[in-house]
Protein chains: 2
Amino acid sequence: MSGLARGIAAQLRDQITSGQLRPGAKLPTEDQLIAQHGVSRNTVRGAVAHLVNEGLVRRVVGRDGGMVVRERVTLTYHASRAEQPDGLRSESDGYFTEVRDQGFEPSQTFELRLVMLETAIADRLEQEEGVTAVLRRCVRSVNHEPTSIQDSYYPMDLAEQVRELMSPADIPQGTTRLLAERGHLQIAFTDELEARMPTPEDVALLRLGQGTPVIRYLRTAFTRERVVRVTVTTFAGDRNRVVYTLGDVAALEREHGRRPKQHP
Amino acid sequence: MSGLARGIAAQLRDQITSGQLRPGAKLPTEDQLIAQHGVSRNTVRGAVAHLVNEGLVRRVVGRDGGMVVRERVTLTYHASRAEQPDGLRSESDGYFTEVRDQGFEPSQTFELRLVMLETAIADRLEQEEGVTAVLRRCVRSVNHEPTSIQDSYYPMDLAEQVRELMSPADIPQGTTRLLAERGHLQIAFTDELEARMPTPEDVALLRLGQGTPVIRYLRTAFTRERVVRVTVTTFAGDRNRVVYTLGDVAALEREHGRRPKQHP
DNA sequence: ATCCATTTGTGCGTATGTATG
DNA sequence: CCATACATACGCACAAATGGA
């Protein structure tokens with residue numbers, strides 16, 4: 001009932017969480033673990049597999065390879081700051097400055113598609129399932145490592161009214177402001193966040209290591225009359241943190257200076 | 001280079017995501033997969049292990065056991081609705097009504113501890129690392145299945161001023177309101193969300209299946225003068241969704257009725 | 001209450017392939 | 001070209017959980 005593999009995993013996990021094995025450090029090789037614990041190679045691999053699936057360890061093949069304690073760098077995404085309905089601001093601009101403020105180099109690629117809506121999106125866009133809509137996909141990278149996929153869906157009739165939505169390029173002033181200029185002022189939005197393990201597509205697009213969950217984050221944007229946009233953002237879970245600041249933000253900044261500050 | 005196991009996994013995954021194998025349905029048994037694909041048992045187990053780690057499949061031992069497509073029920077947590085600084089309301093009351101509205105039965109257990117602060121919490125509470133603080137832990141369950149752990153930390157000096165914080169029982173009016181009554185009016189808060197694989201402690205407390213990430217969600221609450229609370233909530237990722245509604249919520253409800261509505 | 005059949009869980013030994021320095 | 005270290009796969013054995021006869 002004990003589980004040899006479980007025990008070895010637990011021991012290694014302790015060494016990692018206690019800081020005895022720091023991020024970047026190498027675990028003993030498989031052969032060493034075999035000798036140390038007097039078990040078979042399969043058992044050792046099973047033990048380490050647990051740690052890999054917990055996102056604690058990464059395996060590297062090749063001569064100077066080994067099993068390495070994963071290091072994590074976290075990027076903060078201010079969900080309530082970007083595209084605040086009152087303080088309109090370019091979306092990508094906001095993103096770029098935010099990333100640069102954190103000392104990294106942002107980049108992104110655009111793509112435009114016409115797609116048939118699946119249920120979840122159709123529902124929120126208030127369209128029928130299977131209807132065509134405009135999809136603007138933006139893969140965002142930090143230091144040339146992809147960190148998030150942002151898929152924005154717009155109803156077809158809106159895109160026909162605001163033709164710029166159909167251009168396969170970044171919109172300088174940001175879509176929120178563009179839509180506002182054309183009489184579609186965004187007054188509110190709803191964000192839904194969930195965590196899940198990535199699909200193979202996510203793994204490919206975000207170059208995810210095993211044991212990395214993703215944050216799926218769905219924003220539905222409203223004007224006074226209608227739903228104008230649904231954005232599905234998929235973040236690499238180990239590289240991102242989503243932050244909301246709510247309440248009397250002005251007073252907060254006034255009284256507490258630049259807090260809420262950057263936390264490790 | 002191809003990977004037999006990968007192929008089998010991909011084939012099964014397709015059957016699941018395409019709906020050919022619905023949630024609750026059983027995959028072929030290991031023996032059947034062995035026969036179908038002419039591979040060894042280890043290979044089959046390796047293939048299914050991928051699906052388990054993706055949270056798609058659950059294994060059940062015993063004579064009518066098997067490998068089952070996981071069903072997921074999602075509970076929505078309205079992060080921006082609860083304890084809104086303007087519309088003060090009891091926290092647990094809010095939680096209970098919210099869960100009941102979704103047709104489930106809520107319950108919770110309380111626990112009070114004095115703890116030494118670790119860096120991450122100390123930092124946000126504006127206390128020194130290692131200083132003692134009050135921890136109020138609340139494990140929340142839905143239909144007697146635990147779904148979230150909520151750890152609220154209060155600075156010691158505040159607890160000495162507001163003694164009820166030291167009682168190991170639910171506070172009827174909710175701590176936010178209690179603190180407001182005693183002159184500590186919460187004016188804003190910051191939420192930080194991230195996804196990660198669970199620690200063994202999380203697995204035990206939340207009875208998590210393999211391949212289930214957790215949402216870690218950290219709320220720092222401010223009065224005009226100081227930080228009064230840091231709450232760390234850990235959600236089972238497969239059973240929860242965190243929702244924020246921002247902007248002109250009043251107008252939203254007025255114009256769009258009860259939208260944002262419940263989505264599957 | 002016992003025993004049996006089914007199905008997954010754990011572990012061993014071995015062989016060969018692949019990536020990297 | 002070789003040595004190192006992980007990747008993948010085969011075959012075997014026995015244990016543990018569960019449900020039915």
Side-chain angles (χ1 to χ4, degrees), chain A residues 1-13 16 21 24-70 200 203 207-211, chain B residues 1-13 16 21 24-70 200 203-204 207-212:
Chain A
M1 224 296 171
S2 59
L4 283 185
R6 234 176 285 276
I8 298 174
Q11 186 179 318
L12 290 169
R13 185 169 28 238
I16 294 171
L21 279 169
K26 284 210 282 230
L27 271 56
T29 67
E30 293 185 347
D31 282 343
Q32 287 169 336
L33 289 173
I34 290 168
Q36 281 174 33
H37 297 93
V39 295
S40 76
R41 176 145 186 250
N42 284 339
T43 304
V44 165
R45 283 187 63 78
V48 178
H50 284 303
L51 304 178
V52 170
N53 288 323
E54 286 164 23
L56 288 175
V57 166
R58 180 169 51 95
R59 296 204 243 225
V60 183
V61 298
R63 179 162 172 157
D64 278 24
M67 305 181 289
V68 183
V69 181
R70 268 176 61 172
V203 172
R207 301 185 207 294
L208 295 174
Q210 221 182 321
Chain B
M1 225 293 171
S2 59
L4 284 184
R6 236 177 282 280
I8 299 173
Q11 184 178 319
L12 290 169
R13 183 169 29 237
I16 294 170
L21 279 169
K26 284 211 283 230
L27 271 56
T29 67
E30 292 183 349
D31 282 344
Q32 286 169 337
L33 288 173
I34 290 167
Q36 281 175 33
H37 296 95
V39 296
S40 74
R41 182 159 176 235
N42 283 340
T43 304
V44 165
R45 284 187 64 77
V48 177
H50 284 303
L51 304 178
V52 170
N53 287 324
E54 286 164 23
L56 287 175
V57 166
R58 180 169 49 96
R59 295 203 243 223
V60 183
V61 299
R63 188 180 163 143
D64 281 22
M67 305 181 288
V68 184
V69 180
R70 270 176 59 173
V203 171
R207 300 186 206 293
L208 295 174
Q210 219 183 321
T212 310

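Each chain gets a letter, A, B and so on, in the order the sequences are listed, and its residues count up from 1.
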Spell out yes or no: do the side chain of A:Arg41 and the base of C:dG11 have one donor N/O and one acceptor N/O closer than 3.5 Å?
no

Ignoring hydrogens and geometry beyond distance, is the side chain of B:Asp64 in donor-acceptor contact with the base of D:dG20 at under 3.5 Å?
no

Please round to the nearest 0.5 Å and tell me the distance separating atom CZ of B:Arg13 and atom CG of B:Leu21.
13.0 Å

For the CZ atom of A:Arg6 and the CD1 atom of A:Ile8, what is their distance to the nearest 0.5 Å?
12.0 Å

Can you check whether [X] reaches [Y] side chain to side chain, under 4.5 Å on heavy atoms?
{"X": "B:Arg70", "Y": "B:Thr212", "answer": "yes"}
{"X": "B:Leu12", "Y": "B:Val57", "answer": "no"}
{"X": "A:Arg45", "Y": "A:Val48", "answer": "no"}
{"X": "B:Gln36", "Y": "B:Leu33", "answer": "yes"}
{"X": "B:Val52", "Y": "B:Arg59", "answer": "yes"}
{"X": "B:Leu56", "Y": "B:Val69", "answer": "no"}

In whole Å, what is the span from the [atom1] atom of [X] to the [atom2] atom of [N]?
{"X": "B:His37", "N": "D:dT8", "atom1": "NE2", "atom2": "P", "answer": "17 Å"}
{"X": "B:Asn42", "N": "D:dT8", "atom1": "CG", "atom2": "C1'", "answer": "10 Å"}
{"X": "A:Arg6", "N": "D:dA15", "atom1": "CZ", "atom2": "P", "answer": "18 Å"}
{"X": "B:Ile8", "N": "D:dA9", "atom1": "CD1", "atom2": "C1'", "answer": "11 Å"}

Which of these nucleotides, D:dA7, D:dC10, C:dG11, is closest to any side-chain atom of B:Ser40?
D:dC10

Of the nucleotides C:dC12, D:dA9, D:dT4, which one has an atom closest to the side chain of A:Arg63?
D:dT4

Has B:Arg45 got a side-chain N or O lying under 4.0 Å from the OP1 or OP2 atom of C:dG9?
yes

Nearest-nucleotide 5' precedence on DNA chain C, A:Val60 against A:Thr43:
A:Thr43

Evaluate the side-chain contact (heavy atoms from CB on, under 4.5 Å) criterion for residues A:Glu54 and A:Leu51: first the C-alpha distance (whole Å), next the side-chain angles of each, then the deciding distance (0.1 Å), finally the verdict.
CA-CA 5 Å; A:Glu54 286 164 23; A:Leu51 304 178; 4.1 Å; yes

Watson-Crick or G-U wobble partner of C:dG21, both distances under 3.5 Å:
D:dC2

So which of residues 25-35 of chain A are in contact with DNA chain D, with a heavy-atom cut-off of under 4.0 Å?
A:Thr29, A:Glu30

Looking at DNA chain D, which of residues 48-59 of chain B put a heavy atom within less than 4.0 Å of it?
none

